[in-house]
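Comments concern the structure below.
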Amino acid sequence: MAIKLLLVEDNSGDIELIKYYIEEIEGLDIELTYVKSLDDAVGCFKETSFDLIFTDLNLPDSSGENTVIKLLDNVNDVPIVVLTGMDSYELGMNLLKKGIHDFITKEDLNSRILFKTIYYVIEKNKMLKTIQTLAYKDSLTGLYNRAGFVKILNTRLDAILDNSIALIYFDLDSFKIINDVFGHTFGDIVISEFAKKVQEILNDEHVFARMDGDEFVILIQSMTANKEAEGIVAQLFSTFCEPITIHEQLIKISLSVGVSLYPQHADNAEDLIKFADIAMYKAKEKKGYSQEFFSNEMINGLEYRFMLNTEIHHALENDEFSLVYQPIIDTRTNRIYSVEALLRWNNKKYGHISPVVFIPLTEFSHEIVPIGIWVLSEACNTIKLLNDSYNQSIALSVNVSPIQIQEDDFIESVIQVIKNSQMDMTKLTLEITENISFTNDSLTIDKLTILRNNGILIAVDDFGTGYASFNRLNSNLLSEIKIDKSFIQSDMLYKSSLVTDIIRMGQNLELDVVAEGIETKQQLEYLIANDCHLIQGYLFSKPLSFEDLKIFITNYG
Ligand code: C2E
Ligand code: CA
Ligand code: CA
């Protein structure tokens, strides 16, 4: 392929000379274009691309350093060689620092020097580009990395006229768990497959980058970036609402998305990125597939989160945790079927904090492991005491995080705790959220099977939100499914057959089906009419302290 060389030179004699030298060079195929002014050179660039520019400093419409500065601004990454009558070391150094590739005095020019210069500059430029690629691209996905993205965003902001920009910032909600369960190699595959799928939604105008680990960002620039962002987010959610298969594993990828806007929220790259990130964290507080546009109030929220993270390290030792118990009623007998233990955190500085906020923090730091054991122990002791003193046999459900199951001594510690409490194992159900712990991860299944063989029951919590597709449910292992409250509390309950399908399937597999989050009589009647009799929700009772639970069982026990 011919090397396209642009010569910017107003002296006809010099042009002829260079043409002559070029003809003399053997082994390099050069296609020479020449223009006689800076304006023409810039104009030329709008139409053709060149591999290399040779320019004089003094032209009819520009002189000295300005020629170089103007060219650098207009020719992107094309290497520039200055060819001048002035023989000045200082000038040469100065221009090299500005970004030109070489500086030759016309007096020294001959075909050998010309050959070497062209050859070296083009090679050096290729190397520079490789280095830039390494610095600006992510090696796993081939997307821009943070540095590359910041560079592009800055360039866009510098040149922006009346357009607006939206940044969509998002990450994978349970990526940490995917990494912990399946290992980092598999985690990498998930990231790159995920990136490919996102890319399919986007067009050439969008800039897509991997910022860090499982965090990504999309840049949209248009008159209606705001609206366009909403459309892209909707497409992201609909793409990933179904689980995807990666290496024969079904992986459900749930996203949290934050959006920031130029010029509404900030006018510089650093703040736009930071604000989109903050909005994403806010979205994370809602469970899965949520989006938030940035707002100023969120900044306080982020500081709050950060402070919570410090506070929670000491929560266990400072005795700040307690348990409440929510009854599950069997409507056929109108008696308590069991109680679910739910963790509460009352911090001396921040007061009551919702488990939806703090459980993910403890999962991230793995502090959920000792906390989970504390929950199990406290709950078993309490319910054993209750049953003994009231002559009852109320069953207990305890939530278990997938992070706990990953621990090597998970089984031993669970069995030890139950033995210590002298609680009847067959009266204990462990609730495990329907997520990756129900894929074909054999280690998890093996561990749960051992517990099951010891008499402990296993329930799938939040059923319907994850991807334990119906036919994957292992009815030897499981004894119960809990229909997620989001299905109960939306209109879908009556309009879609999803809930009745789950009930039917549970019955076929001889599993108990518990419906969660029942707040109204209408919901209750619908469920009973469809043969679901195990009911948990505010309609019967909110989660109760031990004292209140004792009162409750005197009515329902
Ligand atoms: P979950 O396991 O799905 O627990 C049910 C949640 O629904 C509880 O929220 C409960 O208070 C709430 N709920 C029950 N009935 C109703 C209702 O009628 N209406 C409404 N709006 N809500 C109702 P809570 O206590 O805030 O817990 C939230 C989540 O935190 C739990 O969801 C569970 O995933 C997690 N969690 C709580 N305690 C523990 C624990 O000890 N260990 C682990 N790993 N997770 C826990
Ligand atoms: Ca639960
Ligand atoms: Ca649940």
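Counting convention: from 1, in listed order, for ligands and their atoms alike.
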- request: Would you kindly specify which portion of Ile359 sits under 4.0 Å from ligand 1, judged on non-hydrogen atoms: side chain, backbone, both or neither?
  value: side chain

field: Check: Arg504 and Asn530 side chains under 4.5 Å, non-hydrogen atoms
entry: yes

- line: Quick note on ligand 1: atoms under 4.0 Å from a heavy atom of Ser401 include exactly 44 (N)

- prompt: Once the angle between the rings of Phe170 and Phe208 is folded into 0 to 90°, is it parallel (under 30°), tilted (30 to 60°) or perpendicular (over 60°)?
  reply: parallel

- prompt: Given Asp461, Asp484, Val400, Val357, which has its nearest heavy atom closest to atom 2 (O) of ligand 1?
  reply: Asp461

- line: If we number the atoms of ligand 1 from 1 as shown, the ones under 4.0 Å from a heavy atom of Gly537 are 15 (N), 18 (O)

message: Would you say the rings of Phe216 and Phe194 are close, in the sense that their centroids are separated by under 6.0 Å?
response: yes

field: Metal proximity, Glu431 vs the Ca ion (ligand 2), N/O/S cut-off 3.0 Å
entry: yes

- request: Using a strict 4.0 Å cut-off to heavy atoms of Gln326, name the atoms of ligand 1 that fall inside it.
  value: 10 (C), 14 (C), 15 (N)

- prompt: Backbone or side chain, does Asn399 get an N/O/S atom under 3.0 Å to the Ca ion (ligand 2)?
  reply: yes

message: Just so I know, are the side chains of Glu407 and His366 near enough to count as touching, which here means a heavy-atom distance under 4.5 Å?
response: yes

- prompt: CG of Asn391: more than 12 outside heavy atoms within 6.0 angstrom?
  reply: no

- request: Please state which part of Asp462 comes within less than 4.0 Å of ligand 1, counting heavy atoms only: side chain, backbone, both or neither.
  value: side chain

- request: Report yes if the distance between the aromatic ring centroids of Phe294 and His265 is under 6.0 Å, otherwise no.
  value: yes

task: Specify which N/O/S atom of Asp461 comes nearest to the Ca ion (ligand 2), by atom name.
output: OD2

query: Ile518 heavy atoms, cut-off 4.0 Å: which ligand 1 atoms fall inside?
result: 18 (O)

message: Is it the case that the side chain of Tyr526 and the backbone of Leu493 share a donor-acceptor pair, with hydrogens and angles ignored and the cut-off at 3.5 Å?
response: yes

task: Keeping the roles fixed (side chain from Gln489, backbone from Gly517), state whether a donor-acceptor pair exists under 3.5 Å.
output: yes

- request: Look at Lys542 together with Asp548 and state whether they make a salt bridge at an N to O cut-off of under 4.0 Å.
  value: no

Heteroatom distance test (Ile368, ligand 1): nitrogen or oxygen, under 3.5 angstrom: no

message: Salt bridge check, Glu363 against Lys176: does any charged N sit closer than 4.0 Å to a carboxylate O?
response: no

Enumerated ligand 1 atoms positioned under 4.0 Å from heavy atoms of Pro355: 24 (P), 25 (O), 26 (O), 27 (O), 28 (C), 30 (O), 37 (C)

task: Give the single entry among Val324, Leu342, Ile328 that approaches atom 37 (C) of ligand 1 most closely by any heavy atom.
output: Leu342

Any Ile528 side-chain heavy atom under 4.5 Å of His533 side chain: yes

- prompt: Does the side chain of Tyr325 come within less than 4.5 Å of Phe552's, by heavy atoms?
  reply: no

query: Are Leu386 and Val339 close enough that some pair of their side-chain heavy atoms sits under 4.5 Å apart?
result: no

- prompt: Less than 3.5 Å between some nitrogen or oxygen of Asn399 and one of ligand 1, yes or no?
  reply: yes

task: Decide whether an N or O pair under 3.5 Å exists between Glu340 and ligand 1.
output: yes

- prompt: Glu340: which N/O/S atom is nearest the Ca ion (ligand 2)?
  reply: OE2

Any Gly372 heavy atom less than 4.0 Å from ligand 1: no

message: With heavy-atom distances below 4.0 Å as the criterion, list the atoms of ligand 1 near Glu516.
response: 3 (O), 5 (C)

message: Against ligand 1, does Gln489 come closer than 4.0 Å with any heavy atom?
response: yes

- prompt: Is any N or O atom of Tyr538, backbone or side chain, closer than 3.5 Å to an N or O atom of ligand 1?
  reply: yes

Ionic contact status for Asp277 with Lys274, cut-off 4.0 Å: no

- request: Output the list of atoms in ligand 1 that are nearer than 4.0 Å to some heavy atom of Val375, sorted by atom number.
  value: 41 (O)

statement: Taking only non-hydrogen atoms of Glu519 and a 4.0 Å limit, the atoms of ligand 1 in range are 17 (C), 18 (O), 19 (N), 20 (C), 21 (N)

- request: Could you establish whether Arg344 and ligand 1 come within less than 4.0 Å of each other, counting only heavy atoms on the residue side?
  value: yes

task: Using distance alone, determine whether Ser354 and ligand 1 share an N or O pair under 3.5 Å.
output: no

